[in-house]
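One structure is given here, and the rest of the page talks about it.
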Protein chains: 2
Amino acid sequence: MSAHDTSHQHPHDPAALLRDHGVQVTAQRLAVMRAVSAQPHVSADGVVEMARAEIGAISRQAVYDSLGVLVDKGLIRRIQPVGSPARFEDRVGDNHHHLVCRGCGSVVDIDCAVGAMPCLTAADDLGYEIDEAEVVYWGRCPECRALTTTTTTESTLERSH
Amino acid sequence: MSAHDTSHQHPHDPAALLRDHGVQVTAQRLAVMRAVSAQPHVSADGVVEMARAEIGAISRQAVYDSLGVLVDKGLIRRIQPVGSPARFEDRVGDNHHHLVCRGCGSVVDIDCAVGAMPCLTAADDLGYEIDEAEVVYWGRCPECRALTTTTTTESTLERSH
DNA sequence: TCCAGATCTTGACTCAGTCCAGAATCTGAC
DNA sequence: GTCAGATTCTGGACTGAGTCAAGATCTGGA
């Protein structure tokens, strides 16, 4: 699944990956895995659409169930930036972060400088046992920046008439 | 609202605060502000309950509308850890972070070492204009740690019989 | 080939929000 | 103090994104 993970005998064989993790191999689960690999940060609804396009009928419940099992086994990762439905990606194990566009909602990966969790130290852990520092960068992508700058410029021009 | 903000003539008068921000003063909005001040990281539903206990009838829509206006004006802050409904707090302006318990869902504030946004620099900004690095620490609170350690120990003892 | 247990299908349901028409309230001008 | 207009509130309907559950179907070990 992950390009970094070469410990499995058949790292590129999804069925073998499932068996190695004690998960039954079904057509639905394989279709879900292919959908997540094809489109990083895909939503559950997106997985449904892609799986249906590929294998015909598949229930939403099977997609949700498959995603759940794959996440539980660490084969895929579930993220959920604020204001977004859950999203799934097959890049696992490197604790990378995400950068989300406030305009169009696009999500891109950002390497973690540390790599291991938790990659940041809280000023005061208040007795908590911290196991993860989730970082999400927010901003605007190049396309949305260009759009905003252009419309802002036009708007400013209009006002200055 | 915020203990750090002393620029307003009546920093402790919610009605004055609203007027200073060009927001109409209504009984519903004042009740919402008091609820958020009384219980940091309160959910919208929690605000509804507290406001109803205090001023009697108030619609859910009015609570949602009031929260929205207060967030827009920067008078309160909206956060939403994964798996949680939106939560609101009146501590604004210092870019503090949050620490969430995976067990009970409790949320506590963590000071930001930097203070200003964005407080972290992405390894590669990919042409994005980044304006915030949202950090959420995840772990288990002292109570949940004690509970898990105890049950784990008991469970281990049972197995070793 | 059989069959127990796992998984899928289908539709109902829940939660946490949003939408909207009409009623009520707030505010500032007079 | 009054009142018109703008804003906000009420109450209920609706939505998106998930979860629940009974019965049907499929997987994989024997």
Side-chain angles (χ1 to χ4, degrees), chain A residues 13-33 35-36 41-52 54-73 75-76 78-88 105 107, chain B residues 13-33 35-36 41-52 54-73 75-76 78-88 105 107:
Chain A
D13 180 5
L17 207 47
L18 287 175
R19 287 190 189 97
D20 288 346
H21 286 80
V23 177
Q24 267 187 312
V25 177
T26 68
Q28 291 84 354
R29 286 173 175 166
L30 294 175
V32 165
M33 288 168 83
V36 174
H41 318 121
V42 63
S43 66
D45 220 44
V47 173
V48 169
E49 288 170 21
M50 291 172 75
R52 277 180 180 162
E54 190 197 309
I55 65 169
I58 180 173
S59 67
R60 270 190 343 124
Q61 189 57 51
V63 170
Y64 274 97
D65 283 345
S66 299
L67 290 168
V69 166
L70 295 170
V71 169
D72 285 347
K73 299 296 182 183
L75 296 175
I76 64 173
R78 181 186 193 279
I79 66 170
Q80 184 162 20
V82 175
S84 171
R87 294 185 177 283
F88 301 88
V107 181
Chain B
D13 181 4
L17 206 47
L18 287 174
R19 287 191 191 96
D20 288 346
H21 285 81
V23 177
Q24 270 186 309
V25 176
T26 70
Q28 291 83 354
R29 285 174 176 166
L30 294 176
V32 165
M33 288 168 82
V36 174
H41 317 123
V42 64
S43 66
D45 219 42
V47 172
V48 170
E49 286 169 22
M50 292 173 76
R52 278 180 180 162
E54 189 197 309
I55 66 169
I58 180 172
S59 68
R60 269 191 340 125
Q61 187 58 54
V63 169
Y64 275 96
D65 283 343
S66 299
L67 290 169
V69 166
L70 295 170
V71 169
D72 284 346
K73 299 296 182 183
L75 297 175
I76 65 175
R78 179 185 193 280
I79 65 171
Q80 185 163 19
V82 176
S84 170
R87 296 187 176 282
F88 302 87
V107 181

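Every chain is numbered from 1, with letters handed out A, B, ... down the list of sequences. Treat the numbers as computed from the prediction; the structure is a model and nothing was measured. We use all heavy atoms of the structure for the numbers below, so side chains are in, but hydrogens, waters and symmetry mates are not.
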Take Leu67(B) and Arg78(B) through the test side chain to side chain contact (heavy atoms under 4.5 Å, CB included) and record every step on the way to the result. CA-CA 9 Å; Leu67(B) 290 169; Arg78(B) 179 185 193 280; over 6 Å; no

Taken to the nearest 0.5 Å, the spacing of Leu30(A) CG from Glu54(A) CD works out to 9.0 Å

If each of Val23(B) and Ser43(B) is mapped to the nucleotide of DNA chain C with the nearest heavy atom, which maps nearer the 5' terminus, i.e. the 5' end? Ser43(B)

Is Gln24(A) touching bases, backbone alone, or none of the nucleic acid, heavy atoms closer than 4.0 Å? base

When rounded to the nearest 0.5 Å, the distance separating CG of Leu75(B) from NE2 of His21(B) is 4.5 Å

Find the distance between NE2 (His41(B)) and CD1 (Ile79(B)) and round it off to the nearest 0.5 Å. 5.0 Å

Walking DNA chain C from its 5' end, the first of Gln28(B) and Ser59(A) to be reached, judged by nearest nucleotide, is Ser59(A)

Could you tell me the boundaries of the chain A footprint on DNA chain D, defined by atoms under 4.0 Å from its heavy atoms? dA17(D) to dG28(D)

Could you tell me the separation between the OG atom of Ser43(A) and the CE atom of Met50(A), rounded to the nearest 0.5 Å? 10.0 Å

With nearest nucleotides of DNA chain D determined for Ala27(A) and Gln61(A) from heavy-atom distances, which residue corresponds to the more 5′ nucleotide? Gln61(A)

Stepwise side chain to side chain contact (heavy atoms under 4.5 Å, CB included) test for Arg29(A) and Leu70(A): CA-CA 9 Å; Arg29(A) 286 173 175 166; Leu70(A) 295 170; 5.7 Å; no

Dump the intermediate steps for side chain to side chain contact (heavy atoms under 4.5 Å, CB included) on Thr26(B) and Leu18(B), then the final yes or no. CA-CA 9 Å; Thr26(B) 70; Leu18(B) 287 174; over 6 Å; no

Using a heavy-atom cut-off of 4.0 Å across all strands, would you classify Ala57(A) as base, sugar-phosphate, or nothing? sugar-phosphate

Would you classify Arg60(A) as touching base, sugar-phosphate or nothing, given that sugar-phosphate means primed atoms plus P, OP1 and OP2, and contacts are heavy atoms under 4.0 Å? base

About how many Å separate CD of Gln61(B) and OG of Ser66(B), when rounded to the nearest 0.5 Å? 9.5 Å

Mind checking Arg87(A) for me? I need base, sugar-phosphate or nothing, with any heavy atom below 4.0 Å counting as a touch. nothing

Note: chain B reaches DNA chain C at heavy-atom distances under 4.0 Å over the stretch, first to last nt, 5' to 3', of dA16(C) to dT27(C)

